[in-house]
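Inspection log for the structure reproduced underneath, given as structure tokens.
Sequence lines set the chain letters: A, B, ... in the order given, protein chains first and strands last, and positions in each chain run from 1.
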2 protein chains.
Amino acid sequence: MLLRNNLAANIRRIRRERGLSQEAFAAEVGIHRTYATMLESRKRNPTIDVIERIMKALNLEVGDLLGPPPNR
Amino acid sequence: MLLRNNLAANIRRIRRERGLSQEAFAAEVGIHRTYATMLESRKRNPTIDVIERIMKALNLEVGDLLGPPPNR
DNA sequence: ATGTGACTTCGAGTCCGTG
DNA sequence: GCACGGACTCGAAGTCACA
């Protein structure tokens, strides 16, 4: 399993758990709306600074974002 | 604590635990010698693909690399 | 509200070397 | 063996128009 895929799945899952649209999520994190879309579709290869901003904005641990997503 | 700092400390710690030089470590992971130096000195902002290559090369979990380093 | 292609700028990542 | 530097390429960051 690729880290990039874990990230995509975890973002989408957590974002929906919290009832956020991609736009609201992007605003929280401080990234562009379209960039958020691209992360969820595994089209980009983000740096750890971006990962960090997501973690801080959503109060997450690294495992929550990059670990294997719960299989559902 | 910044993710970039965790990474730097964890790489250096694990690399030394395994008795690898920076050069040997870089060769294992498949990155450049000088880039390995820069990661350990927190001078660069790697992508998650690089993180992944380090994890796979050294058989690590995300928490081992990006989590808070053991305080010793 | 989500997704895509295209664009510019700047830094990720490599390669040469030095002390 | 490690830190640091300059010069280079290409891809990530960040944005937009449009569907």
Nearest heavy-atom neighbours spanning A:Leu20 and A:Ala24: CD2-CB, 4.0 Å

Residue pair A:Ile11 / A:Glu40: nearest heavy atoms and the distance that separates them: CG2-OE2, 3.5 Å

Proximity to the side chain of [X] - top-ranked nucleotide from [options]:
{"X": "A:Met38", "options": "C:dA12, C:dA6, D:dC4", "result": "C:dA6"}
{"X": "A:Tyr35", "options": "D:dA17, C:dA12, D:dG14", "result": "D:dG14"}
{"X": "B:Thr47", "options": "C:dG3, D:dA12, D:dC16", "result": "D:dA12"}
{"X": "B:Ser21", "options": "D:dG1, C:dT2, C:dT4", "result": "D:dG1"}
{"X": "B:Arg44", "options": "C:dT2, D:dA12, C:dG13", "result": "C:dG13"}

Phosphate OP1/OP2 of [N] contacted by [X] side-chain N/O (<4.0 Å):
{"X": "B:Thr34", "N": "D:dC4", "result": "no"}
{"X": "B:Lys43", "N": "D:dC4", "result": "yes"}
{"X": "B:His32", "N": "C:dG13", "result": "no"}
{"X": "B:Arg15", "N": "D:dC2", "result": "yes"}
{"X": "A:Arg12", "N": "C:dG3", "result": "yes"}

Let me know the distance between [atom1] of [X] and [atom2] of [N], rounded to the nearest Å.
{"X": "A:Ile54", "N": "D:dA12", "atom1": "CD1", "atom2": "P", "result": "15 Å"}
{"X": "B:Leu39", "N": "C:dA12", "atom1": "CG", "atom2": "P", "result": "10 Å"}
{"X": "B:Gln22", "N": "D:dG1", "atom1": "CD", "atom2": "P", "result": "10 Å"}
{"X": "A:Leu20", "N": "C:dA1", "atom1": "CG", "atom2": "P", "result": "12 Å"}
{"X": "A:Ile11", "N": "C:dT2", "atom1": "CD1", "atom2": "P", "result": "13 Å"}
{"X": "B:Ile51", "N": "D:dA12", "atom1": "CD1", "atom2": "C1'", "result": "14 Å"}
{"X": "B:Asp49", "N": "C:dG11", "atom1": "CG", "atom2": "P", "result": "20 Å"}
{"X": "B:Glu40", "N": "D:dG1", "atom1": "CD", "atom2": "C1'", "result": "12 Å"}

Residues which pass side chain to side chain donor-acceptor pair (under 3.5 Å) with B:Arg44, listed by chain and number, not counting sequence neighbours: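 By the side chain to side chain donor-acceptor pair (under 3.5 Å) rule, B:Arg44 matches no residue at all.
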
Which residue lies more 5' along DNA chain D, comparing B:Asn45 with B:Ala24 via nearest heavy atoms: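 Closer to the 5' end of DNA chain D: B:Ala24.
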
Partner of A:Ile48 by side-chain contact (heavy atoms from CB on, under 4.5 Å), out of B:Thr47, B:Leu2, B:Val50, B:Ile51: B:Ile51

Heavy-atom donor-acceptor pair, B:Arg33 side chain to B:Gln22 backbone, under 3.5 Å: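 No: the side chain of B:Arg33 does not pair with the backbone of B:Gln22.
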
A:Asn45 side chain vs B:Asp49 backbone, donor-acceptor pair below 3.5 Å: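 Side chain of A:Asn45 to backbone of B:Asp49, a donor-acceptor pair under 3.5 Å: yes, one is there.
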
Donor-acceptor pair present, A:Arg33 side chain and C:dG3 base, under 3.5 Å: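 Indeed there is one.
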
Side chains of residues 56-68 of chain A: which donor-acceptor pairs under 3.5 Å do they make with residues two or more places apart or in other chains?
residue, atom, partner, partner atom, Å
A:Lys56, NZ, A:Glu52, OE2, 2.8
A:Asp64, OD2, A:Glu61, N, 2.9

Helical bend (five base pairs per end, nearest 10°) for the helix from C:dT2-D:dA19 to C:dG19-D:dC2: 40°

Point-to-point distance, once rounded to the nearest 0.5 Å, from CD1 of B:Ile54 to CG of A:Leu3: 11.0 Å

